[in-house]
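We count ligands from 1, going down the list as the structure has it; atoms in each ligand are counted the same way.
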Amino acid sequence: MGEKLKNKVAIITGGAGGIGGAISALYAAEGAVVVANDINAEITEKFATDLSAKLNCTNIIPYAADVCNREQVNKMVQDVLDQFGHIDILVNCAGRSKDALLHKMSESDWDFVINLNLKGTFNCVQYVYPFMRQQNQGKIISLTSRARMGTIGQINYSSAKAGLVGLTCSLAKEAARFNINVNCISPGFVLTPRLSQMEEKHLEARVQLNPFERAVQPEDVANLALFLATEDSRNITGQVINIGAW
Ligand SMILES: NC(=O)c1ccc[n+]([C@@H]2O[C@H](COP(=O)([O-])OP(=O)(O)OC[C@H]3O[C@@H](n4cnc5c(N)ncnc54)[C@H](O)[C@@H]3O)[C@@H](O)[C@H]2O)c1
């Protein structure tokens, strides 16, 4: 166990997922109180119980809430503040794609993906930000994607992830005078438990796109998210940092 995030409180949305789960684990191992948010209560509870047992720690708090629901996000932020008094780090990992070529994409799939990936992040940032301003410190990290540069069949997801870059760059400028860093992590293909179920040949093709031609693991992304959450990155803001293929 390390101490790089000792006395810090972090909310990680999608925190029981592949990348969010790895970030939750590393932040908890580095001493942060980790509020692992995810949408499904049972899965979130199980994730926190299993990880707490694995790390032999008590600093992982499961919190089920839908980032698309502003009332639930507001309540989560208030509950965390009531219990711990501060929120130092927000990591926006909740996200999903629903792929289709434009001529086959339904309006509901467009709305779902924009609402979850872009508006969901906006919701969390908007409720946490006032308290970070008052604290005069904070770190906001959002998961964008290589898809922001354009991918066939992902017009909704690309648009949402490109939108997160705009959110990040604008907020970084607004937030700098309050000592708040705002950055994006932009992975290519990350070998999460969910994506590792993909057919071998598709998986291999994605791995081959990486400069090192080896898989990027969720733990690689977590290491970058740790750097962005500490004072080691205090002069880095408004940036999109690629990991894996770009
Ligand atoms: N895995 C990759 O290759 C990759 C690449 C680039 C970007 N990303 C991005 O990284 C983030 C994490 O991806 P992942 O691969 O770990 O996915 P994942 O599906 O393993 O994890 C996402 C988590 O978000 C949760 N979630 C979904 N909707 C939610 C909601 N409304 N409220 C709260 N939680 C919700 C899910 O339950 C899940 O646990 C996503 O934003 C994704 O777009 C992933």
Side-chain angles (χ1 to χ4, degrees), residues 11-26 35-48 50-51 62-77 90-99 111-125 127 140-151 154 156-165 167-168 183-198 202-203 205-207 209-210 215-222 224-225 228 240-246:
I11 296 180
I12 302 169
T13 75
I19 294 173
I23 297 173
S24 295
L26 184 57
V35 179
N37 154 262
D38 218 288
I39 193 163
N40 178 296
E42 216 174 299
I43 291 173
T44 310
E45 292 281 345
K46 184 175 179 336
F47 169 81
D50 292 351
L51 184 58
Y63 198 108
D66 177 354
V67 296
C68 301
N69 182 316
R70 287 176 64 83
E71 265 175 45
Q72 290 182 22
V73 173
N74 187 17
K75 184 169 183 322
M76 172 170 72
V77 170
L90 169 66
V91 186
N92 296 297
C93 278
R96 231 193 103 177
S97 56
K98 280 197 178 200
D99 300 352
D111 288 345
F112 175 87
V113 169
I114 298 288
N115 199 34
L116 171 56
N117 292 273
L118 184 55
K119 177 103 185 279
T121 295
F122 167 76
N123 292 338
C124 296
V125 169
Y127 280 112
I140 297 174
I141 302 159
S142 300
L143 268 292
T144 179
S145 165
R146 172 177 182 265
R148 78 188 195 282
M149 310 288 282
T151 321
Q154 293 198 313
N156 48 3
Y157 186 69
S158 298
S159 302
K161 293 302 192 186
L164 285 180
V165 174
L167 185 156
T168 295
N183 290 294
C184 273
I185 296 175
S186 182
F189 176 78
V190 182
L191 194 57
T192 59
R194 191 170 58 81
L195 295 184
S196 64
Q197 289 161 15
M198 192 181 276
H202 294 309
L203 208 149
R206 282 170 172 79
V207 168
L209 293 173
N210 289 328
V216 172
Q217 303 291 341
E219 290 73 21
D220 296 317
V221 182
L224 177 53
L228 291 174
V240 181
I241 304 178
N242 296 306
I243 180 162
W246 71 91

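- Nearest heavy atoms, Ser142 versus Thr121: OG-CG2, 3.7 Å.
- With a 4.0 Å cut-off on non-hydrogen atoms, Ala65 touches ligand 1 through its backbone and not its side chain.
- Using modelled atom types, one side-chain atom of Asn117 and one backbone atom of Arg96 make a donor-acceptor pair closer than 3.5 Å.
- Counting heavy atoms under 4.0 Å from ligand 1, residue Thr13 does not touch it at all.
- For the side-chain contact (heavy atoms from CB on, under 4.5 Å) with Val125, the lone residue among Val73, Thr168, Leu164, Asn92 that qualifies is Asn92.
- Between Arg194, Arg96, Met76, Gln72, it is Arg194 that holds the heavy atom closest to atom 19 (O) of ligand 1.
- Distances from atom 15 (O) of ligand 1 to the heavy atoms of Val91, Asn37, Thr192 show the closest one on Thr192.
- Partners of Asp111 according to the salt bridge (charged side-chain N to carboxylate O under 4.0 Å, His left out) rule, which considers only residues two or more places apart in sequence or in another chain, do not exist here.
- Listed by number with element, the atoms of ligand 1 under 4.0 angstrom from any heavy atom of Leu116 are 28 (N), 29 (C), 30 (C), 31 (N).
- Every atom of ligand 1 is numbered from 1 in the order shown, and the set under 4.0 Å from a heavy atom of Gly17 is 20 (O), 21 (O), 39 (O).
- Between the CE atom in Met76 and the CG atom in Asn123 there is a gap of 10.0 Å [rounded to 0.5 Å].
- The shortest contact between atom 13 (O) of ligand 1 and any protein heavy atom is with Ile19 CD1, 4.0 Å.
- For Asp50, the side chain to side chain contact (heavy atoms under 4.5 Å, CB included) partners are Lys46, not counting sequence neighbours.
- The protein atom (non-hydrogen) at minimum distance from atom 43 (O) of ligand 1 is Tyr157 OH, 2.5 Å.
- In this structure, the side chain of Thr192 engages the main chain of Leu195 through a donor-acceptor pair within 3.5 Å.
- The single protein non-hydrogen atom nearest to atom 20 (O) of ligand 1 is Gly18 N, 2.8 Å, given as residue, atom name and distance.
- Under the 3.5 Å distance criterion, the side-chain polar atoms of Asp220 are matched with a main-chain donor or acceptor of Gln217.
- When only non-hydrogen protein atoms are considered, atom 40 (C) of ligand 1 lies nearest to Cys93 O, 3.2 Å.
- The local environment of CE in Met149 is sparse, with at most 12 non-hydrogen atoms from other residues, nucleotides or ligands closer than 6.0 Å.
- Among protein heavy atoms, atom 31 (N) of ligand 1 sits closest to Asp66 OD1, 2.7 Å.
- Given atom 41 (O) of ligand 1, the protein heavy atom at minimum distance is Lys161 NZ, 2.9 Å.
- Looking at heavy atoms from C-beta onward, Ile141 lies in side-chain contact with Ile185 at the 4.5 angstrom threshold.
- By the criterion of a heavy-atom distance under 4.0 Å, the side chain of Leu195, and not its backbone, is placed next to ligand 1.
- Of the candidates Ile23, Asp38, Ile39, it is Asp38 that places a heavy atom closest to atom 37 (O) of ligand 1.
- Here Asn37 contributes atom CG and Tyr63 contributes atom OH; the two are 9.0 Å apart, rounded to the nearest 0.5 Å.
- Heavy-atom proximity to atom 3 (O) of ligand 1, evaluated over Val190, Asn115, Asn117, is greatest for Val190.
- Residue contact annotation: Gly188 has a non-hydrogen atom under 4.0 Å from ligand 1.
- Remark: the backbone N or O of Ala65 is not paired with any side-chain donor or acceptor of Gln72 at under 3.5 angstrom.
- Neither the backbone nor the side chain of Ile43 comes within 4.0 Å of ligand 1, counting heavy atoms alone.
- Atom 24 (O) of ligand 1 has its closest protein heavy atom at Gly14 CA, 3.4 Å.
- Among all non-hydrogen protein atoms, the one lying nearest atom 35 (C) of ligand 1 is Ala94 CB, 3.7 Å.
- Shown in contact with Phe189 at under 4.0 Å from a heavy atom are these atoms of ligand 1, numbered in order with element: 3 (O).
- Residue Gly95 approaches ligand 1 through these ligand atoms, each under 4.0 Å from one of its heavy atoms: 22 (C), 24 (O), 40 (C), 41 (O).
- Both the backbone and the side chain of Val67 come within 4.0 Å of ligand 1, judged by heavy-atom distances.
- Summarising the contacts of atom 7 (C) of ligand 1 with Leu143, Thr144, Leu191, the nearest heavy atom is found in Thr144.
- Once rounded to the nearest 0.5 Å, the distance linking CZ of Phe189 with CG of Leu203 reads 4.5 Å.
- Taking all atoms of both residues into account, the shortest heavy-atom contact from Ala41 to Ala64 is CA-CB, 3.6 Å.
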